[in-house]
Structure formats: C-alpha cells, structure tokens
Amino acid sequence: MAQHLVIGSGPIGSAVAGRLADRGESVRVVTRSGSGPDHPLIERVAADAADRARLTDLARGAEVVYNCANPKYTEWAKLWFPMNDAMIAAARSAGAVYAITGNLYGYGPQPGGLMTETSPLAATGRKGRIRIKMWQDALASGVRTVEARASDYVGGGANSVFSAVILPALLKGSSSAMAPADVDLPHSFTYTGDMAQTLITLAADDRAWGKAWHVPSVAPLTIRELTDRYCALAGVAPLTLHRLPRFVMRTAGLAVPMAHELAEMDYQFYAPFILDASLTERTFGLTATPLDVALREIADNAAATAARTM
C-alpha cells in the first residue's frame, strides 16, 4: 500500500511525488494515461480521477490524498466537481488528509491587487466560483483538509503567460512579443517546487488543517522584469514586450472557447496581482526559492527540448 496518493502528474504532482519518494516514502500517482515520474518508490496507475469507487480503492492505506489534477480550462465546469467529490470520498474512506493544490481565483479582484489568507472569497467569475465551491465542499465533508494557494507558476513545465507567450517567442529567436497583460505592473510568481514543498508540509502538520495557506513566493515583479531576468540568465538576446489591448482577447473569446476562458481571468494581468504568504512563512518556516533557480530550470528544460528535436 502506498503512503501517499497523488492525483495528477503535471509539474506539481510530479514534484510532490518525487520529493516524497526521495525521502523514502511510497507514492501512487494516478493519471488517466498512467504517466508520472520514474522512481522505484513511485507506482503509476491509469484511472479516471472522477471514478469514486476506483479512487477509493487506490487510496486504501494512504495517509494523504493530494489533489494535483489540472483539467483543461474549457472543461472545468464539467470535470472539477466530480473529481473533487471522488477525491474527498477517497480521503474519507482511507482516513487520509486531503491536500489541495489551489490558486487565487476564488478571491476575484481585490483592492490594490493584494491577497492574504484573510481576503474574502469574492470571485464572481465562473472559474472563481468553481474553486470556492470545491474548497467549501472539502471543508464541509468532515475530512481533514488543507489547501495551498499559489500565483502564476514559474519552473520547468509550468503553464503560465511566460511559458505560453514569452518563452515560445524566445525559442523562435523573435525580437519582440505581444503579451495579454500590462507588462509593467507588479505580479507575483510562484515556483512549482515551492508549491510542492508547501503542500507536503501542510498535509503533515495538523496546525494547517481546515485552512487555506499561501505558498511563499518571490517578491512581485513585472512581466517585463521577469523576461529581462530570464534573458540575462539564459544568455539570449533581450525580448521587447508589448501590451496586447485588453479588448482583443475578449473579442476573440466570442468565437474561441479558450480565449473566452482566458479573458475571464484577465483582471489578474491588467492590474497589480500580489500574493502575501507571510503567515505561511511565519507559521511553518518556509521561504521562497530564489527566482534564478526557477528560471534556470526553465532554461535547462528548453535546452533539453531543443536538443531532442534536432
């Protein structure tokens, strides 16, 4: 029996599983395809995360069930609730802690863009309301539960405005790129490794249960500053960034489903967006990994990908 059940093998799920296995604990990773990190203490299983009976069986003996799943934006309303319900049921059956990889969507726009653990869950958009209900359902279940909330990710394999817009432009050798954001406003970025470490720490500490905590993240910086920092570290030519007018993505969303989903969350990129994790830092002694570590990971991944395609 595995000590830990990790649902999802993206950047967060893989990092959680890898860190647990590296310290000698057995892990079962569940994905639809059966993918996941390669490690002697990691068992990879193909299963549907919304299959309550199957997940309950796979969770038998687990101390923690980690929700590291990441359904497509366009399928959130369809998939998240059945998956969340199945994970809650699996954790309840096993007597396990339910540890959720969260985000900041539930807060919605906040005054000055600042979010703390005491900020109200005031989102009115669909995705924000989905995250709120997921958290409320977990709390109401009676299962020992905890959620770690992070901002936009940086790190190898992370999906963000940096990986979607800026990195592809750099890899193509472009001299400029158009970002769907005000690239000169302060924005918090979270290293994927810090999310994994925070999630593991919270799941193991009963002081954390029943609450949501913020992941320690580097000091806010602009997307332009992040890009310049990456270019200097990776030794590539600087990239000139331009702001895509906000109406463009919203107009595209009338016809393109993914653009519609992205436009719903654009308030995060056209106003300051600042994560305060000081409570987590004080309570658990966690700190953010230096930004250059995350950027070096991105650069190394990009170089490895380029080498494989040559």
Side-chain angles (χ1 to χ4, degrees), residues 12 73 76 100-135 147-155 158-166 177-192 194-195 198 211-230 241-250 253 259-283 286-291 294-295:
I12 306 304
Y73 250 18
W76 269 36
I100 304 170
T101 303
N103 54 38
L104 306 179
Y105 291 7
Y107 297 123
Q110 293 288 316
L114 176 65
M115 290 154 287
T116 72
E117 288 91 340
T118 60
S119 296
L121 293 174
T124 58
R126 289 182 304 110
K127 286 188 288 299
R129 294 199 308 272
I130 287 171
R131 294 302 311 201
I132 292 172
K133 188 174 189 307
M134 286 173 60
W135 174 234
E147 181 167 293
R149 295 175 180 162
S151 190
D152 295 275
Y153 290 124
V154 288
N159 186 20
S160 68
V161 66
F162 185 87
S163 63
V165 176
I166 296 166
M178 190 81 72
D182 186 327
V183 297
D184 294 306
L185 290 175
H187 195 96
S188 290
F189 292 91
T190 304
Y191 174 45
T192 51
D194 288 334
M195 167 54 98
T198 301
K211 302 175 184 176
W213 302 83
H214 288 175
V215 179
S217 304
V218 295
L221 70 165
T222 69
I223 295 175
R224 191 184 304 279
E225 290 170 336
L226 179 68
T227 302
D228 291 344
R229 184 90 163 258
Y230 177 84
L241 290 181
H242 302 286
R243 166 181 168 162
L244 184 72
R246 195 172 182 180
F247 74 86
V248 173
M249 190 66 75
R250 294 190 169 197
H260 175 75
E261 299 298 337
L262 293 171
E264 181 192 331
M265 309 307 299
D266 67 2
Y267 69 88
Q268 299 181 356
F269 296 100
Y270 289 92
F273 195 71
I274 301 170
L275 172 69
D276 182 331
S278 55
L279 180 60
T280 305
E281 294 170 0
R282 291 194 307 269
T283 305
L286 297 170
T287 57
T289 299
L291 179 61
L295 297 182

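The distance from the CG atom of Asp228 to the CD atom of Glu225 is 8.0 Å, given to the nearest 0.5 Å. Interatomic distance, Leu114 CG to Gln110 CD, rounded to the nearest 0.5 Å: 8.5 Å. Distance OH/Tyr107 to CD/Gln268: 12.5 Å, rounded to 0.5 Å. Rounded to the nearest 0.5 Å, atoms OH (Tyr105) and OH (Tyr267) are 8.0 Å apart. Atom-to-atom distance recorded for Ile132:CD1 and Leu121:CG is 5.0 Å, nearest 0.5 angstrom. Here the CZ atom belonging to Arg250 is positioned 4.0 Å from the CG atom belonging to Asp266, to the nearest 0.5 angstrom.
A donor-acceptor pair is defined here as one N or O able to donate and one able to accept, closer than 3.5 Å; no such pair exists between the side chain of Arg149 and the backbone of Trp213. Between the side chain of Ser151 and the backbone N or O of Ser188 there is at least one donor-acceptor pair closer than 3.5 Å. In terms of modelled atom types and a separation under 3.5 Å, the side chain of Glu264 and the main chain of Lys127 share a donor-acceptor contact. Of the possible polar contacts, one joining the Ser160 side chain to the Tyr153 backbone as a donor-acceptor pair under 3.5 Å is found. At distances below 3.5 Å, at least one donor-acceptor pair connects side-chain atoms of Tyr270 with backbone N or O atoms of Ala181.
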Intermediate values then yes/no, ring pair (Phe, Tyr, Trp, His ring centres under 6.0 Å), Phe162 and Tyr230
CA-CA 10 Å; Phe162 185 87; Tyr230 177 84; 5.3 Å; yes
Mind running side-chain contact (heavy atoms from CB on, under 4.5 Å) on Leu104 and Leu275 for me, showing each step along the way? CA-CA 8 Å; Leu104 306 179; Leu275 172 69; 3.8 Å; yes
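When all heavy atoms are compared, the tightest approach of Pro290 to Val218 is C-CG1, 4.4 Å. Heavy-atom minimum distance, Pro186 versus Pro220: CB-CB, 4.2 Å. Minimum interatomic distance between Pro272 and Gly112 (heavy atoms only, all atoms of both residues): CB-O, 3.7 Å. Of all non-hydrogen atoms in Gly102 and Arg131, the two that sit nearest each other are CA-NH2, 3.5 Å. Residue Thr116 comes nearest to His214 through the heavy atom pair C-CE1, 3.2 Å, listed as atom of the first residue, atom of the second, then distance. Closest of all the heavy-atom pairs between Val215 and Ala277 is O-CB, 3.5 Å.
A side-chain N or O of Asp194 and one of Thr289 form a donor-acceptor pair less than 3.5 Å apart. No hydrogens or angles considered: a donor-acceptor pair under 3.5 Å links the side chains of Glu117 and Thr280.
In this structure the side chain of Leu226 never reaches within 4.5 angstrom of the side chain of Val183, judged on heavy atoms. Between Arg243 and Leu185 there is no side-chain heavy-atom pair separated by less than 4.5 Å. Within the 4.5 Å cutoff, side-chain heavy atoms of Ile166 are placed close to those of Ile223. Looking only at side-chain heavy atoms (C-beta outward), Thr198 and Pro216 come within less than 4.5 Å of each other. Between Ile130 and Met134 there is a side-chain heavy-atom pair separated by less than 4.5 Å. Counting only heavy atoms from C-beta outward, the side chains of Leu221 and Leu291 approach each other to under 4.5 Å.
Below 30°, between 30° and 60°, or above 60°: for Phe269 and His187 the angle between ring planes is below 30°, a parallel geometry.
Annotation: salt bridge (Lys or Arg N to Asp or Glu O under 4.0 Å) contacts of Lys133 (sequence neighbours excluded): Asp137.
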